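In the text below, chain A, chain B and the rest are named by the order of the sequence lines, each starting its count at 1. A quick note: this is a predicted structure, and the numbers were derived from the prediction, not measured.
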Protein chains: 2
Amino acid sequence: MLNKTRGRPRGNPDTKARITAAARELFLKHGYPGTTVRAIAAAAGVDAALISYHFGSKQGLFSQSLDLLCVDPTALDQALRGDRDHLADRLLDSVTGLWDATGPVQSRMAVQDDDTMRALRDYLDGELRLRIAEFLGGPDATRRATAAVGVLGGLIFTRYLNPIRSIGALSPVDVRRVFGPALRAALSGRARG
Amino acid sequence: MLNKTRGRPRGNPDTKARITAAARELFLKHGYPGTTVRAIAAAAGVDAALISYHFGSKQGLFSQSLDLLCVDPTALDQALRGDRDHLADRLLDSVTGLWDATGPVQSRMAVQDDDTMRALRDYLDGELRLRIAEFLGGPDATRRATAAVGVLGGLIFTRYLNPIRSIGALSPVDVRRVFGPALRAALSGRARG
DNA sequence: GAGTTTTATTCAACACGGTTGAATAGTGCT
DNA sequence: AGCACTATTCAACCGTGTTGAATAAAACTC
């Protein structure tokens with residue numbers, strides 16, 4: 001933008017880092033379409049062409065600036081090991097543990113990214129659901145696993161992706177209290193009303 | 001676009017309808033950012049400027065082309081009248097009854113629209129949750145209503161907004177079977193595991 | 001019905017967005 | 001030193017949503 005002599009700069013300043021930092025802040029504040037490449041470049045004190053050069057495209061910068069580890073299979077492995085009685089609590093904890101960390105920052109943005117949503121879908125349906133069914137065993141294991149995925153999807157949706165106040169404000173312990181009964185019933189396939 | 005003599009056309013062709021029809025189809029096919037105003041105009045056989053004139057903006061056309069009746073308070077009133085035992089089933093039926101009708105068409109698009117998501121949020125948190133709590137009464141009514149909203153949000157999310165196969169493919173009856181136990185447990189606040 | 005206002009439409013142009021190609025100045029290897 | 005490579009700026013391009021003027025039909029008024 002400003003006359004910063006053409007060509008490679010002195011030293012090896014980590015410009016990519018400065019760009020992603022600025023990108024995170026602006027994407028967060030104004031959303032994906034509301035953030036222009038030129039604005040990011042200006043905030044990072046750099047020319048707009050650089051972000052195409054470094055990240056390929058605006059979409060590329062977006063994807064890379066929120067390195068979505070939302071889908072971390074290792075956390076799942078932890079939850080699916082242990083006794084059946086506390087499975088519900090472990091699942092809930094793994095969700096809050098994973099997503100609370102990333103902050104409402106990336107969560108809200110994730111819903112705008114098509115790839116992220118597909119990844120989440122594939123994970124819930126193709127991975128989590130199958131593993132839970134396998135863990136449960138017994139009759140109706142598939143149906144119960146589907147129900148559990150539905151409940152966990154509800155937690156993810158109402159707490160992170162489109163956070164409603166009464167659920168977003170809960171502490172992780174409260175999440176257990178609120179969602180515990182529903183999730184346990186989903187896993188067992190029965191509820192006393 | 002093409003030489004269709006300037007000025008008001010003969011008769012009173014319902015151009016707005018042709019535009020919204022074309023818009024629905026294209027938005028559906030390519031998403032909001034992937035659909036250009038000029039493409040919609042071309043598909044409707046009309047100049048691009050017309051859509052700014054009729055709908056104010058591209059966003060306005062988008063909002064109006066999916067007239068979001070997703071949030072219909074009357075369906076809720078029906079569900080909240082009756083005995084406590086079948087409340088869960090009635091709530092589930094009202095969700096499937098309402099959203100299955102609109103087709104996966106508008107549902108998938110809704111998640112891209114900020115206004116729609118806010119409306120849904122406000123409805124779940126400010127309306128549905130309060131009414132359920134009021135209906136339930138007794139201790140912990142608020143917490144149980146919150147849990148119920150979480151479960152219903154899960155159904156909406158995993159079946160309509162970001163539909164995963166195993167839940168999107170269910171019949172309304174199956175939805176009751178799968179989500180029934182979890183929702184009943186949420187409403188009662190207890191589950192036998 | 002003639003005259004005026006209002007509405008629906010096209011056209012041309014603007015401002016802005018993301019992206020690209022050329023020019024340039026450093027870094028790193030031999 | 002020389003050479004390939006990399007990081008950067010600049011100028012330009014093309015596509016986008018939107019706007020203002022021109023125009024023609026409809027709707028209203030007396």
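In this structure, the NZ atom of B:Lys4 is 19 Å from the P atom of D:dT23, given to the nearest Å. When the C1' atom of D:dT8 is taken as reference, atom CG of A:Leu50 falls 5 Å away, rounded to whole Å. When the P atom of D:dT18 is taken as reference, atom CZ of B:Phe62 falls 14 Å away, rounded to whole Å. The nearest whole Å value for the distance from the CG atom in B:Asp47 to the P atom in D:dG17 is 13 Å. Distance, B:Leu26 CG to D:dG17 P: 12 Å, rounded to whole Å.
Side chains of A:Asp83 and A:His86: a donor-acceptor N/O pair is present below 3.5 angstrom, by distance only.
Applying the side-chain hydrogen bond (donor to acceptor under 3.5 Å, both in side chains) criterion to B:Asp140, with sequence neighbours excluded, gives no partner residue. Taking B:Thr36 as the reference, B:Arg38, B:Ala39 meet the side-chain contact (heavy atoms from CB on, under 4.5 Å) condition, with sequence neighbours excluded. Qualifying side-chain contact (heavy atoms from CB on, under 4.5 Å) partners for A:Pro9, counting only residues two or more places apart in sequence or in other chains: A:Pro13. Evaluation of the side-chain hydrogen bond (donor to acceptor under 3.5 Å, both in side chains) rule for B:Ser94 yields no partner, not counting sequence neighbours. Partners of B:Tyr32 by ring-ring contact (aromatic ring centres under 6.0 Å, His included), not counting sequence neighbours, listed by chain and number: B:Phe27, B:Phe62. Listed by chain and number, the residues in a ring-ring contact (aromatic ring centres under 6.0 Å, His included) with B:Phe157 are A:Phe157 (sequence neighbours excluded). Residues passing the side-chain hydrogen bond (donor to acceptor under 3.5 Å, both in side chains) test with A:Arg144: none are found, sequence neighbours excluded. Annotation: side-chain hydrogen bond (donor to acceptor under 3.5 Å, both in side chains) contacts of B:His30 (sequence neighbours excluded): none.
Of the residues in residues 32-39 of chain A, those with a non-hydrogen atom less than 4.0 angstrom from any atom of DNA chain C are A:Thr35, A:Thr36, A:Val37, A:Arg38. In the region residues 51-61 of chain A, proximity to DNA chain C at under 4.0 angstrom, judged on heavy atoms, holds for A:Ser52, A:Ser57, A:Lys58.
Residue A:Arg165 places its CZ atom among 12 or fewer non-hydrogen atoms of other residues, nucleotides or ligands, all under 6.0 Å distant.
Applying the ring pair (Phe, Tyr, Trp, His ring centres under 6.0 Å) definition to pairs two or more places apart or across chains, none involves residues 41-61 of chain B.
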For nucleotides 21-30 of chain C, 5' to 3', base contacts (B), sugar-phosphate-only contacts (S) and non-contacts (-) with protein non-hydrogen atoms under 4.0 Å give --BBBBSS--
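In this model, the phosphate group of C:dT9 is approached by a side-chain N or O of B:Thr15 to a distance below 4.0 Å at OP1 or OP2.
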